[in-house]
2 protein chains.
Amino acid sequence: MPPDRVVISDVAAAAGVSPTTVSHALSGRRAVSEETRRRVLKVVGELGYRSSIIAQSLRNQQTNSVAFLVVDISNPYYPTVAQSVHDGLADEGYVSLIGITYGEPATEETMLHNIVRRNVDGLIFQPMSLSPLEIRRIVGSLPLVLITDHEGELHADQVQTNDAQGIAEAVRHLKDRGFTEVGFIGGPDGRSPGTVRLASFRAAAHALGLTVADHWIEHVPFNRDGGREAGLRLLKPADRPRAIVCANDVIAVGLFDAAHDLGLDIPRDVAVVGFDDIEVASMLKPRLTTVRNPARDVGAACVEAVLSRIASGPETPYTVRSLPTVLLPREST
Amino acid sequence: MPPDRVVISDVAAAAGVSPTTVSHALSGRRAVSEETRRRVLKVVGELGYRSSIIAQSLRNQQTNSVAFLVVDISNPYYPTVAQSVHDGLADEGYVSLIGITYGEPATEETMLHNIVRRNVDGLIFQPMSLSPLEIRRIVGSLPLVLITDHEGELHADQVQTNDAQGIAEAVRHLKDRGFTEVGFIGGPDGRSPGTVRLASFRAAAHALGLTVADHWIEHVPFNRDGGREAGLRLLKPADRPRAIVCANDVIAVGLFDAAHDLGLDIPRDVAVVGFDDIEVASMLKPRLTTVRNPARDVGAACVEAVLSRIASGPETPYTVRSLPTVLLPREST
DNA sequence: GTGAAAGCGCTAACAG
DNA sequence: CTGTTAGCGCTTTCAC
């Protein structure tokens, strides 16, 4: 086993040159005679020298790292985004620091502080609790990309999906299929994407003259159990909606559970529409009609945004990238 | 917006003390008079000082970070492990650097080098291509936990699952149900977990006197398409196995696709057993019989192993943690 | 073409 | 109880 930490002065000594020369032989930022360069490289190979990124970071004031703060990796939608972010960043030589916030305000805040303390070069963040201004206050002038539907001043670059469009398509599709009494299972109140989706649902249903009873709107956590419980509440009464739009696919899975428990057939007794198009959606029986949320594109857009911000500095105006969503009609409607 | 980078000397100057005192007032590693401490803390608050972890890392020779190298985050099994690792590490104040290797030898190797250059305090790694010795050569004396079924000298702490046990239960269960002609869809040849699972399958089938034709064994990538293609090859001929064990659930999903395409009923025409118990398993129709692979426990065991190694140093003997697997009989058998 | 010296931000001897 | 000094490993002036 070779000595564990070979540092630049070890290489310099062994090659009979100064650390400066080793640095330049490796980086190519200054001319080094061919002969010296070869000798240095040889010693580097023999000693197994690998420069310390920590030391470089301190000196260069940049770490080649980007943090990605995500709400909840147990929803299959997010690993896809995370993978896309990771791969895009890795291609450009950046490492990703992934943090899971669970949407908790305290967790969001402490993670933000830790990220600043780690001198990351940029941050991609899907906020659930903190406001854009609070975030900016914590991270200073750090390159910041927010994944959010928030309207208005963000103090950050933005990546969003056009959820209203997909939801509108879904509602129209329900009407075309003859479902006129419709309900909605949304996420918790607040800054979650469920809020926008619910608003879009209401607007679309109203525009098309569909019936939406107040008690056909449910707010639950974005998970399978939430969907199941809301489903039970909505479907048990005789007075129930004939179609239900869910704020995401995971909730729809829970709704499938509820329908199964109650012996109800989908779509005969109740139609179901999801949101996200996670892989499971096409594995369910019946296959789930859903709105496709382009996870990989979202990740790629975030990477692109954060890298251009890192390159351009804080002066250039903030950008907004809006990605389309589209309805995928399948068997559950 | 406050000045972006407040450093310790700024605080010292504003509080009228030395940087040393600020450091100690914050860390508590040296007594500081109550009066001074209060003053320093006040200034820290006003200026919004947050110490640089990069600088601390260079000085202290430890980064409070652990790398987690995983094969493929698109298989839902891994996000669960990753989440467990992330949470366990976060609880102890460590940040996780997640890398996705896709099992590529070149990627594994460069990621390993980069990780060393980043001075992480430890590494949790599920190797697919590199051998334990090659890995140890690259990472030097770094605390290293390998997630692998590899038998023999590992030069690292190990976390493994007792796959043989679960597979044996599965095969016995198939026999009990009256399936005597059995096949297997495994992963690619090599260091993948599929190799051990196949060997266990063969051993168990042989011990119980079941029939396993050579062409009922398939090697495919660990994804849905792989399962589908293998399924088509196995199920099309009249001479087909009556039950198929899959090396993981994702492959089993592909097999479901194939059965569906061919108009075959599960379990009447062919029984299916998976491995992992990802959430989808219980959502399929019919619900998938599978061997539960304790993802969260694996993650927790890795965290525990790497942290104790970090605490104990390289001298203490390597440990092996073996986690049980158990069959979950459901509707697909 | 090469080297000496300074400094990134921090902490720990050492000294008082 | 507090401050001065050195140094973690690197890159970049500045000087020759």
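The structure presented is a predicted model; accordingly, all values stated were derived computationally and were not measured. Chain naming here is simple, since letters A, B, ... match the order of the sequence lines and numbering starts at 1 in each.
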Peer 1: Taking only residues two or more places apart in sequence or in another chain, which ones pass salt bridge (charged side-chain N to carboxylate O under 4.0 Å, His left out) with B:Arg50?
Peer 2: none
Peer 1: Just grab all the salt bridge (charged side-chain N to carboxylate O under 4.0 Å, His left out) pairs involving residues 105-121 of chain B, residues at least two apart or on different chains.
Peer 2: none
Peer 1: Is there a side-chain contact between A:Arg29 and the phosphate of D:dT12, meaning an N or O under 4.0 Å from OP1 or OP2?
Peer 2: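 For A:Arg29, the contact criterion (side-chain N or O under 4.0 Å from OP1 or OP2 of D:dT12) is met.
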Peer 1: Measure all distances between protein nitrogen or oxygen atoms and nitrogen or oxygen atoms of nucleotides 1-5 of chain D, and list the pairs falling under 3.5 Å.
Peer 2:
residue	atom	partner	partner atom	Å
D:dT2	OP1	B:Ser33	OG	3.2
D:dT2	OP1	B:Thr36	OG1	2.5
D:dT2	OP2	B:Ser33	N	2.9
D:dT2	O4	B:Arg30	NH1	3.2
D:dG3	OP2	B:Ser18	N	3.0
D:dG3	OP2	B:Ser18	OG	3.2
D:dG3	OP2	B:Thr21	OG1	2.7
D:dG3	N7	B:Arg30	NH2	3.1
D:dG3	O6	B:Arg30	NH1	2.4
D:dT4	O4	B:Thr20	OG1	2.9

Peer 1: With sequence neighbours excluded, tell me which residues meet side-chain contact (heavy atoms from CB on, under 4.5 Å) with B:Ser18.
Peer 2: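 Listed in chain order: B:Thr20, B:Thr21.
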Peer 1: To the nearest 10°, let me know how far the axis at one end of the helix from C:dG1-D:dC16 to C:dG16-D:dC1 is tilted from the axis at the other, five pairs an end.
Peer 2: 50°
Peer 1: Partners of A:Glu46 by salt bridge (charged side-chain N to carboxylate O under 4.0 Å, His left out), sequence neighbours excluded?
Peer 2: A:Lys42
Peer 1: If you restrict it to nitrogen or oxygen atoms, what contacts under 3.5 Å exist between nucleotides 8-10 of chain D and the protein, and what is each distance?
Peer 2:
residue	atom	partner	partner atom	Å
D:dC8	O3'	B:Gln61	NE2	3.4
D:dC8	O2	B:Arg59	N	3.4
D:dG9	OP1	B:Gln61	NE2	3.2
D:dG9	N2	A:Ala55	O	3.3
D:dC10	OP1	A:Tyr49	OH	2.7
D:dC10	OP1	A:Ser52	N	3.0
D:dC10	OP2	A:Ile8	N	2.5

Peer 1: By the side chain to side chain donor-acceptor pair (under 3.5 Å) test, which pairs, at least two apart or in different chains, include something from residues 76-87 of chain A?
Peer 2: A:Tyr77-A:Asn293, A:Tyr78-A:Gln126, A:Gln83-B:Tyr102, A:Asp87-B:Tyr102
Peer 1: For residues 310-322 of chain A, which residue pairs pass the salt bridge (charged side-chain N to carboxylate O under 4.0 Å, His left out) check, not counting sequence neighbours?
Peer 2: A:Glu304-A:Arg321
Peer 1: Does a side-chain N-to-carboxylate-O contact under 4.0 Å join A:Glu34 and A:Arg37?
Peer 2: yes
Peer 1: Could you list the residues that satisfy salt bridge (charged side-chain N to carboxylate O under 4.0 Å, His left out) with B:Arg29, not counting sequence neighbours?
Peer 2: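 For B:Arg29 there are no salt bridge (charged side-chain N to carboxylate O under 4.0 Å, His left out) partners, ignoring immediate neighbours.
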Peer 1: Sequence neighbours excluded and cut-off under 3.5 Å, please list the side-chain donor-acceptor pairs for residues 145-155 of chain A, or say none.
Peer 2:
residue	atom	partner	partner atom	Å
A:Thr148	OG1	A:His150	N	3.0
A:Glu153	OE2	A:His155	N	3.1

Peer 1: List for me each residue that meets side-chain contact (heavy atoms from CB on, under 4.5 Å) alongside B:Val44, sequence neighbours excluded, and say none if there are none.
Peer 2: B:Val11, B:Leu26, B:Val40, B:Tyr49
Peer 1: If I take atom CG in residue B:Leu26 and atom C1' in nucleotide C:dA12, what distance separates them, rounded to the nearest angstrom?
Peer 2: 16 Å
